[in-house]
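Here the structure is laid out as structure tokens; the discussion comes afterwards.
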Amino acid sequence: MRTHRCGELRSSHVGMSVRLCGWVARRREHGEHLAFIDLRDHSGVVQCVVDGSVDVRSEYVIAVSGVVRDRPEGTANPRLATGAVEVTDCSVEVLSAAEPPPFLVDDRVEVDESVRLRYRFIDLRRPRMQANLRLRARVNAAIRAAMERHGFCEVETPLLWAPTPEGAREFAVPSRLHHGSFYVLPQSPQLAKQLLMVGGLDRYYQIARCLRDEDQRADRQYEFTQLDLEASFVGQDDIMGVVSDAVIAAARAVAPDRPAMIERMTWEQARERFGTDKPDLRFGMEIVDLTAVFEQTAVRAFAAPAVKAIRVPGGAETGRARLDALVAHAKRLGASGLAWFRVLPAASAETAEAEEAAKPSEGPGATGAGPELAADAGAARLDSPLERFLSAQERHGILSRTGSRPGDLVLVVADDQHVACSVLGALRTELGGLGVAEGPLRFAWVVDFPMFEGVDEAGNPVAAHHPFTMPHPEDLEKLEEDPLGVRALAYDLVLNGWELGSGSVRIHKADVQRRVFAALGISEEAAERRFGFLLRAFRFGAPPHAGFAVGLDRLVAILAGEEAIREVIAFPKTQSGADPLTGAPAELPPSTLAELGIRVVANRSGG
RNA sequence: GGACCUGUGGUGCAGCUCGGAGUGCACGCCGGCCUGUCAAGCCGGAGGUCGCGGGUUCAAAUCCCGUCAGGUCCGCCA
């Protein structure tokens with residue numbers, strides 16, 4: 001039906017007779033003797049020249065037969081990949097007429113997302129969407145190749161699974177043959193892949209669809225895709241090595257121009273330096289500890305267990321209204337307050353020399369915090385409502401520990417350790433954050449997550465990961481007395497401030513598992529009821545195993561430079577879980593409900 | 001469950017503070033002209049439940065209340 005793709009024609013094709021198929025992207029008629037048709041297929045656009053007028057409209061599907069030639073002198077179009085050539089002497093066959101599209105098939109026009117989704121089949125013709133989906137396919141291919149290289153075996157696991165009440169709300173599927181009983185769609189293949197390990201698969205992976213009935217976000221859909229993997233007779237470092245290989249291979253395959261690197265830090269360090277367990281390492285503004293500086297402070301606002309700060313480079317221009325808004329924002333985030341210090345030059349030009357001369361006597365003597373203070377801090381002064389309450393030592397401490405220079409802004413939160421860091425971490429991202437397409441690809445492994453996060457209403461610790469996560473061997477003896485101080489062999493992968501995935505070493509010994517269930521307040525009966533099939537499997541020879549899951553939608557979105565994963569999913573749903581294209585979710589006919597043994601008792605949408 | 005933003009011809013926006021005739025801009029669409037354009041150009045034209053419902057008012061796109069939809073975020077996502 002066709003000899004070439006539109007976007008591939010170059011000067012090397014000149015002289016060839018070609019037949020192309022595609023959509024009419026654009027049509028320019030010059031009277032009855034000359035017309036141009038920009039013909040588009042997935043590969044790109046090429047200009048076709050018709051001698052005479054043609055009866056085609058935008059988005060008609062046509063076949064064009066003609067001869068490739070160099071464009072006449074001065075008419076080449078450098079903005080087009082095929083812009084050096086054109087197809088001439090064209091005869092046009094209409095394969096399919098088209099109504100005028102609801103919006104232009106063009107990356108440059110912005111269209112409301114619900115309209116795009118209702119006409120997703122048109123939206124997908126846009127180069128941006130074509131590029132995103134093809135990029136995604138190449139990521140999948142690179143990942144599969146990496147996993148095969150590492151000896152992993154791709155296995156598919158069921159979508160119709162058993163209810164295993166866990167963290168996320170599950171989607172239920174009624175059983176036609178067993179009225180009143182339900183399958184659920186898996187939140188992840190977590191339990192299945194552990195069974196595969198007991199089954200001796202040794203190394204499993206899958207590009208798996210996961211389903212969670214939780215509220216959606218820019219980076220969350222009901223259905224999403226994970227690179228899911230599990231391996232036997234391995235430890236944390238082995239898993240991290242394989243996953244690192246896979247994601248770096250994916251990054252190199254589709255974004256070779258963006259430097260990609262992976263580093264590793266503990267959960268504790270991440271919280272301390274970035275105020276979050278998903279740090280964005282593309283920029284500095286790390287959290288600085290000023291607690292020691294204010295140990296003896298007379299400033300009541302700074303009398304707190306922890307005093308933390310971030311330096312906003314160039315932030316001294318921030319106006320009062322904006323600063324007030326930041327303070328209010330910090331309070332909304334849970335801080336008792338936010339102090340700001342604009343860092344200004346010490347003095348005007350004529351007094352600079354005097355400042356220079358005064359420095360040595362003032363600096364080290366006054367602060368006792370090291371000789372580097374004078375050099376760093378001497379040329380700056382602080383502008384803040386709190387400034388006059390500060391001691392000289394505190395002034396210097398703020399400047400030197402944050403490494404501030406004139407023109408910067410320093411934000412300080414005094415609170416307990418956790419609040420101070422997380423509030424500053426949030427402010428750091430807001431004030432310094434880069435766009436998703438900007439900068440390098442800074443992967444980070446965050447290891448040594450706590451085993452439990454807080455306690456529930458019954459006073460039982462809440463598992464931070466899932467209940468089969470192995471406690472850190474060094475903390476095993478604390479499991480009973482100090483559960484909240486126990487670290488887990490659990491690790492997250494973070495990319496540019498997005499959580500990409502998490503994994504853990506699993507418990508394969510019955511006694512450890514019993515102790516963890518006990519710590520979680522899960523009785524033996526409850527454990528048997530919820531995970532009985534897995535526990536039974538473990539009694540028949542469970543290898544030590546560990547695994548991981550990478551959120552592919554997020555990875556692809558970042559690699560594609562998209563803020564929302566909807567842009568890298570062919571048919572996503574809206575935030576309320578609807579699909580404007582298909583009308584899902586939709587009611588079922590009464591006969592179907594009857595067959596399923598389902599009676600609808602209430603209709604919240606008032607139908 | 002909650003907060004905020006948005007909703008105006010097919011598309012994107014302005015108009016809304018300070019109420020006065022559906023007023024405007026760009027694109028698209030339809031017709032005409034045009035032999036080298038390329039988001040072609042020029043001329044003409046059609047196209048509207050101002051998301052929906054209620055209220056205030058002599059008068060509502062505009063003010064108020066409610067509601068629906070889309071988005072962003074909090075909660076939630078072991």
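Numbered from 1 within each chain, the chains take letters A, B, ... in sequence-line order.
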Return the nucleotide paired to [N]: Watson-Crick means purine N1 to pyrimidine N3 with N6-O4 or O6-N4, wobble means G-U with N1-O2 and O6-N3, both under 3.5 Å.
| N | answer |
| --- | --- |
| B:rC42 | B:rG32 |
| B:rA69 | B:rU6 |
| B:rG24 | B:rC13 |
| B:rC63 | B:rG55 |

*In Å and rounded to the nearest 0.5 Å, what is the CG to CD distance from A:Leu196 to A:Gln206?*
8.5 Å
Let's see if you can work this out: which of [options] has an atom nearest to the side-chain heavy atoms of [X]?
| X | options | answer |
| --- | --- | --- |
| A:Arg220 | B:rG75, B:rC30, B:rC34 | B:rG75 |
| A:Ser114 | B:rA39, B:rU11, B:rG70 | B:rG70 |
| A:Asn77 | B:rC30, B:rG36, B:rA39 | B:rA39 |
| A:Gln47 | B:rC30, B:rC74, B:rG36 | B:rG36 |
| A:Glu86 | B:rC34, B:rG36, B:rC76 | B:rG36 |
| A:Leu34 | B:rU35, B:rG28, B:rC38 | B:rU35 |
| A:Arg71 | B:rU35, B:rA39, B:rU37 | B:rU37 |
| A:Gln575 | B:rC77, B:rG71, B:rU11 | B:rG71 |
| A:Arg108 | B:rA39, B:rC34, B:rU11 | B:rA39 |
| A:Ser58 | B:rC29, B:rG36, B:rC76 | B:rC29 |

*Is the A:His508-A:His545 ring centre distance short of 6.0 angstrom?*
no
_For A:Phe548 and A:Trp445, I'd like to know if the aromatic rings sit close, meaning centre-to-centre distance below 6.0 Å._
yes
*asked:* If you go through the side-chain atoms of A:Asp112, does one of them form a donor-acceptor pair with the base of B:rG71 closer than 3.5 Å?
replied: no
Contact class for [X] vs. all strands (heavy atom < 4.0 Å): base, sugar-phosphate, or nothing?
| X | value |
| --- | --- |
| A:Ala25 | nothing |
| A:Pro580 | nothing |
| A:Pro102 | sugar-phosphate |

*Measure from CZ on A:Phe36 to C1' on B:rU35 and round the result to the nearest Å.*
8 Å
*Salt bridge flag under 4.0 Å for residues A:Glu170 and A:Arg212*: no
*Identify whether the distance between the nearest side-chain nitrogen and carboxylate oxygen of A:Arg108 and A:Asp106 falls below 4.0 Å.*
yes
*With stacking defined as ring centroids separated by under 5.5 Å and planes differing by under 30°, is A:His30 stacked against B:rA40?*
yes
Is the distance from OP1 or OP2 of [N] to the nearest side-chain N or O of [X] less than 4.0 Å?
| X | N | result |
| --- | --- | --- |
| A:Arg118 | B:rG70 | no |
| A:Arg28 | B:rA40 | yes |
| A:Ser576 | B:rG70 | yes |
| A:Arg332 | B:rA3 | no |
| A:Arg566 | B:rU72 | yes |

_Cation-aromatic face contact A:Arg566/A:Phe571, 6.0 Å, 45 degrees_ = no
